[in-house]
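Taking it in order: structure first as structure tokens, then the write-up.
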Amino acid sequence: MSNLKETTPVLTCENVSRFYRKKEKLVKDDGTVTRTSIAKAVNGVSFDLAPGEILGVIGESGCGKSTLGRLIVRLEKTSGGNVLLQGNNVEDLIKKDRLGFRKQIQMVFQNPFDTFDPRYTVEKALVGTLKLHGIGSSTAERRDMVLEKLNASGLIPAKDFMKRFPHELSGGQLQRISILRSMLLSPKVLVADEPVSMLDISIRADIINLIYDTARAEGTAAVFISHDITTTRYIADRIAVMYLGRIVELGKADDIALDPMHPYTKALISNCSSIDPREKREIIKLEGEPPSPVNIPKGCHFAPRCPFVKPTCFEEEKELVEINGRLVRCGSAIC
Amino acid sequence: MKKNFEKFKQALYGNTQFKVGLVMLAILLFIALFAGVLSPYDPYKLSEDLLVSPSSSHPLGTDNLGRDLLSMLFYGAKVSLLVGTISALIAAVIGTLLGGVAGFFGGKVDMIFGGFINIFMMMPTFFLILIVVALFGSGMLKVMIVIGLTSWVGNAKLMRAQALSIKERTYIKSAESIGESKLKILFRHIIPNGIFPIIANTTMGVASAILTESSLAFLGLGDPNIISWGQIIQNGKSYLLTGWWICVFAGLAIIYTVITFYLLGDGINRILSPKLRSR
């Protein structure tokens with residue numbers, strides 16, 4: 001992290017939160033009372049993203065990582081905190097110049113089968129995107145650009161692919177086209193929300209490599225959201241581990257993978273399969289389900305499931321502290 | 001695309017309602033288009049053969065003014081089809097727009113538009129039509145517009161539900177993140193992908209519009225200058241005992257047309273919705 005500090009971050013999250021409110025009507029003997037329950041999907045997340053850096057975000061389902069992705073690309077509004085793109089607040093940017101903002105932050109979605117309008121051919125979807133942003137001067141020129149990109153990413157013969165509809169393509173091909181469409185706009189930031197979780201194992205590596213290569217080639221920073229630690233470690237420079245809407249550990253990918261500090265990260269990593277069968281591993285088994293993000297009890301969110309729990313953990317939550325160039329929320333594992 | 005077409009063709013062949021409806025519609029269209037050639041007499045021409053029962057010279061008899069009933073029914077088919085189709089189309093456009101906007105934008109917009117839809121849903125539409133026609137006159141164009149303006153509620157409800165479900169799909173989120181504007185998303189993605197139930201409902205809407213027009217004419221609120229089936233029945237009801245054929249054949253014509261469009265609508269519904277297709 002230290003070597004990246006000189007450059008100004010392309011994306012900054014300051015205390016970003018997203019709460020979902022739900023009003024419930026409770027009928028009591030003395031009349032009706034409405035109660036508002038708040039689900040804290042993302043709760044005070046802060047990080048910087050340097051130009052060209054790839055940040056992995058991992059955590060189990062329901063920890064708010066997808067919501068964080070949607071907040072960054074401004075598909076949802078934050079309930080608190082700011083998302084800054086090159087120092088400018090995203091809310092201001094979208095008000096001033098929606099198209100210009102969208103061009104700079106792009107997203108690749110989890111479900112490639114549903115990413116494209118089922119009535120649109122690949123050509124219509126891709127050429128339409130270029131036209132929308134005024135890239136290229138004529139339809140013929142845009143078509144050529146798309147053809148070239150399709151050819152370059154191995155969708156050959158490109159002319160044949162252009163005429164196909166989404167339901168005629170495989171998940172891997174669709175995800176390739178989805179990444180390609182995002183990269184057509186040369187964005188500054190690419191958010192990939194579990195881009196390979198719905199794909200066959202056999203083509204995951206291709207997709208990951210495509211994201212990695214195009215991001216590196218264009219100098220695009222990326223947020224790679226996943227629940228798969230191994231792929232995230234492979235692609236990411238840094239990894240943020242999320243639990244119940246909060247970052248519990250943030251540091252260099254190798255540091256996190258090889259020497260996890262937070263008890264939750266430890267449990268995650270210990271449950272990861274290794275390619276080396278002789279490797280000695282101690283699997284930490286987590287008891288119970290992750291608590292629902294509605295009405296979280298006070299104290300450390302992870303305390304009820306933590307194998308290293310202490311009585312004080314239920315009293316107050318620890319802040320993120322910097323230890324050896326990484327941020328960790330809980331020191332209980334170190335001492 | 002070809003595969004889809006094959007599937008569609010298969011569904012079409014297996015769909016008895018649609019096939020029967022299509023044949024019945026073809027007959028109806030043929031009659032309406034060639035009413036002038038097919039009619040044995042001029043339907044407006046009065047003659048001295050008053051209330052003649054069905055015979056070889058007048059296959060369906062004549063009415064109280066000596067007009068040939070068969071020719072009148074042929075000409076009435078034109079009116080019924082025109083009124084039905086145009087009213088249903090007006091209803092489809094209004095319903096799609098209001099429902100689409102309500103469902104897609106949600107929040108306060110939905111509260112206003114959705115509330116508007118619900119209010120209209122409670123309204124006794126037929127009496128509303130009666131009032132409007134009584135106040136503003138009963139030209140054919142006016143009748144068509146009024147029926148269209150009062151029968152869009154079902155379409156709006158359907159489109160709102162479609163928009164609510166489609167707007168959560170990934171391709172809508174992806175269109176938004178690519179930079180498309182809300183209006184473009186509504187008109188390019190949500191409405192085209194959610195229009196199918198509206199198509200089926202509009203086909204059925206044609207049938208109910210024809211019924212409404214007939215009811216209006218029966219009450220004497222139709223366009224007096226044209227021949228319509230409802231009007232024939234209104235005329236004939238005084239002669240139910242002496243000239244039963246007037247009301248009976250005009251009524252059968254209405255029933256035939258309504259059944260045609262119900263069969264078509266139901267058939268389209270079954271072709272387009274995979275849930276019903278397997279039945």
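Hydrogens, waters and symmetry mates play no part in the numbers below; they use all other heavy atoms, side chains included. Values in this document were obtained by computation on a predicted structure and should not be read as measured data. The chains referred to below are lettered A, B, ... by the order of the sequence lines, with proteins before strands, and numbering in each begins at 1.
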Inset, instruction - Any chance you could lay out the side-chain contact (heavy atoms from CB on, under 4.5 Å) test for B:Ser181 and A:Arg98, step after step, and finish with the verdict? - result: CA-CA 9 Å; B:Ser181 66; A:Arg98 185 176 49 82; 3.4 Å; yes

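Nearest heavy-atom pair across A:Asp114 and B:Thr170 is OD2-N, 3.1 Å. A:Phe116 and B:Tyr171 make their closest contact through C-CB, 3.5 Å (heavy atoms, listed as atom of the first residue, atom of the second, distance). Between B:Gly179 and A:Arg102, the shortest heavy-atom contact is CA-CG, 3.6 Å. Scanning all heavy atoms of the two residues, the minimum distance from A:Arg119 to B:Arg188 falls at NH2-O, 2.9 Å.
Counting heavy-atom neighbours within 6.0 Å of A:Lys77 NZ, excluding the residue itself, gives a total of 12 or less. Annotation for A:Glu148: atom CD does not count as buried by contact number, only 12 or fewer foreign heavy atoms lying within 6.0 Å. Residue-environment remark: CZ (B:Phe113) stays at or below the threshold of 12 foreign heavy atoms within 6.0 Å. The environment of B:Met111 atom CE is sparse: at most 12 non-hydrogen atoms of other residues, nucleotides or ligands sit within 6.0 angstrom.
With a 4.5 Å cut-off on non-hydrogen atoms, A:Ile94 does not touch chain B at all. For A:Tyr120, the part sitting under 4.5 Å from any heavy atom of chain B is the side chain, from C-beta outward, and nothing else.
A distance of 11.5 Å separates CD1 of B:Ile172 from OG1 of A:Thr115, quoted to the nearest 0.5 Å.
If you tally non-hydrogen atom pairs under 4.5 Å between each of A:Leu99, A:Val73, A:Leu132 and chain B, the highest count goes to A:Leu132.
With A:Gln106 contributing its side chain and B:Ser177 its backbone, the two residues share a donor-acceptor pair below 3.5 Å.
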